[in-house]
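Quick notes on the structure that follows.
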2 protein chains.
Amino acid sequence: MTADADVPRSRRERPAKPALTRAGIVAAAVELMRAEGLERVTMRRLAQQLDTGPASLYVYVRNTAELHAAVLDELLGAVELAPEGAGDWRDRLVRVLTSYVDVLFAHPALARSALVARPSGAHYLDLVEALLALLAEGGVPRREAAWALDLLLQHATATAAEQATRGQDTEAQDDWDALTAAVRGAADERHPQVATHGDELLSGTPQQRLSWGFHVLIGGILATPAPE
Amino acid sequence: MTADADVPRSRRERPAKPALTRAGIVAAAVELMRAEGLERVTMRRLAQQLDTGPASLYVYVRNTAELHAAVLDELLGAVELAPEGAGDWRDRLVRVLTSYVDVLFAHPALARSALVARPSGAHYLDLVEALLALLAEGGVPRREAAWALDLLLQHATATAAEQATRGQDTEAQDDWDALTAAVRGAADERHPQVATHGDELLSGTPQQRLSWGFHVLIGGILATPAPE
DNA sequence: ACCTGAACACCGTTCAAGT
DNA sequence: ACCTGAACACCGTTCAAGT
């Protein structure tokens, strides 16, 4: 309080503009995303929020993709890496992955960016560590475990990216409608298999499919040796 | 030629501007993408190419996402649905999927859009039909086949989206460098598993990993009943 | 009825010039 | 040395007004 004495009045009207730091920028980006969604986290809007010009952000962040990656890693801090309760390594593996998907589900567009620019932040490394530990506990050999890691994370991330877009967007519903229409309308001689599988193609909840996918992968991983 | 007689000279200076049609727009979009990449296939640039204003395109295409979906379906016409040569259904399944990945590899950004807005065009339906036929041939029950379809296509599409971005972009190399640096630097007590798996995490060619992924999935699919 | 000029409301990124 | 105003080169989409 007393330190304000030598700050000019004009500067005290609003809370002092905090000095820019990478951490401050990322924190503001997270806040902005929670408030308005990732698509609003642009360099210009974020700069506005921080009471500066967009050029200033480039001192601390290489580009928009790097900014989004930093936001993602921040969120990954919420993943449950050591789920409580009983269960063998498979159950715990699925629970960690499901927690990861939950985090991505809550912030749609982030999952998409995770598919494109693979993260490499501290929280992501923690997640990798936890998953590798569970695979090791299950006796999965090192090479298979390393490759399995990518497969499991890919399934989780891609599912989040797909579902996330579907839930929110209005036009995602249009996509779905178009697909169901295409499936239903495929009862011609060109697509007999599509017609036969019609109901099954549209069946199951996202949760059921995600869970089945994880079990398919775990089963396959245990049974399929990597080359070399 | 003689039909040109009653066309004013000013209109004959350049080749007659063809009437806009959805097919014409999509064809021009494909051409533009082959020449300059998907990121250049914007409404404005495409309109310029077609010698009109961007607003005119909205008469035939709902939005940019739909345009890109139409371009993707066009390209999917090149997927090898009935690969020649011997091999059981698994081999042929992997070959169809690999052909699909090859098509996406050739046009990076398209794979990303396929993950987000699930296509529903004619060529996509042909692909689905071919995959379901192979799964049926392998004795996979209807429900499992329907769900497996999504799993297989998701793996193929996501891999293409990841790899595609990595190959081209300059900053994708930066991502990779950051990741390898993170893995190499993880030899601390916080990430012992990452350190242990260091070499394996970075091992294998994209082709080896893709192929292994398909075999993991096929094995898992055959062994994992869907719920209900 | 069909088409589109012009406008609205934005973007990312760079760099010369300031402090 | 550090920071940033202003500019460059773009976007998607809408709608009133034209033919």
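Residue numbering restarts at 1 for every chain, and letters A, B, ... go by the order of the sequence lines. Here the structure is a predicted model, which means the values were calculated and not measured. We use all heavy atoms of the structure for the numbers below, so side chains are in, but hydrogens, waters and symmetry mates are not.
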| What residues, two or more places apart in sequence or in another chain, satisfy salt bridge (charged side-chain N to carboxylate O under 4.0 Å, His left out) together with D73(B)? |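 For D73(B) there are no salt bridge (charged side-chain N to carboxylate O under 4.0 Å, His left out) partners, ignoring immediate neighbours.
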
| Under the salt bridge (charged side-chain N to carboxylate O under 4.0 Å, His left out) test, residues paired with R209(B) that sit two or more places apart | D150(A)

| task | Using the closest heavy atom to pick a nucleotide of DNA chain D for each, name whichever of G53(A) or A55(B) lands nearer the 5' end. | result |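 Checking each residue's closest nucleotide, the 5'-ward one belongs to G53(A).
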
| side-chain contact (heavy atoms from CB on, under 4.5 Å) partners for P206(B), two or more places apart |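 If we apply the side-chain contact (heavy atoms from CB on, under 4.5 Å) test to P206(B), skipping adjacent residues, the hits are Q163(B).
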
| field | Residues in side-chain contact (heavy atoms from CB on, under 4.5 Å) contact with A133(A), at least two apart in sequence or another chain | value |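 Counting only residues at least two positions away or on another chain, A133(A) forms a side-chain contact (heavy atoms from CB on, under 4.5 Å) with Q193(B).
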
| How would you list all residue pairs meeting salt bridge (charged side-chain N to carboxylate O under 4.0 Å, His left out) that involve residues 37-46 of chain B, not counting sequence neighbours? | E36(B)-R40(B)

| query | Would you write out the dot-bracket form of DNA chain D, 5' to 3', with Watson-Crick and G-U pairs under 3.5 Å, [ ] for crossing pairs, | for pairs to other strands and . for unpaired bases? | reply | ||.|||||...|||||.||

Within the structure, does a side-chain N or O atom of [X] lie under 4.0 Å from either OP1 or OP2 of [N]?
| X | N | answer |
| --- | --- | --- |
| Y58(A) | dC3(D) | no |
| T64(A) | dT13(C) | yes |
| S56(B) | dT4(C) | yes |

Can you give each donor-acceptor pair under 3.5 Å made by side-chain atoms of residues 18-34 of chain B, sequence neighbours left out, with the distance rounded to 0.1 Å?
| residue | atom | partner | partner atom | Å |
| --- | --- | --- | --- | --- |
| T21(B) | OG1 | G24(B) | N | 2.9 |
| R22(B) | NE | Y60(B) | O | 3.3 |
| R22(B) | NH2 | E66(B) | OE2 | 2.4 |

Value in whole Å for how far the [atom2] atom of [N] lies from [atom1] of [X]:
| X | N | atom1 | atom2 | result |
| --- | --- | --- | --- | --- |
| N63(B) | dC11(D) | CG | P | 17 Å |
| L67(B) | dC11(D) | CG | P | 13 Å |
| L57(B) | dT4(C) | CG | P | 9 Å |
| L46(A) | dC11(C) | CG | P | 11 Å |
| L20(B) | dC2(C) | CG | P | 14 Å |
| H68(A) | dG12(C) | NE2 | C1' | 11 Å |
| Y60(B) | dT13(D) | OH | C1' | 18 Å |

| request: Have a look at L131(B) and tell me which of L97(B), L81(B), L152(B) forms a side chain to side chain contact (heavy atoms under 4.5 Å, CB included) with it. | output: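 For L131(B), the side chain to side chain contact (heavy atoms under 4.5 Å, CB included) check succeeds only for L97(B).
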
| field | Non-neighbouring partners of Q154(A) that pass side-chain hydrogen bond (donor to acceptor under 3.5 Å, both in side chains), sequence neighbours left out | value | H155(B), T159(B)

| query | Any idea which heavy atoms bring N63(B) and Y58(B) closest together, and the distance? | reply | CA-CE2, 4.3 Å

| request: Check DNA chain D against residues 22-44 of chain B and give the residues with a non-hydrogen atom under 4.0 Å, in numerical order. | output: T42(B), M43(B), R44(B)

| said: Between dA9(D) and dC10(C), how far apart are the two P atoms, rounded to whole Å? | reply: 23 Å

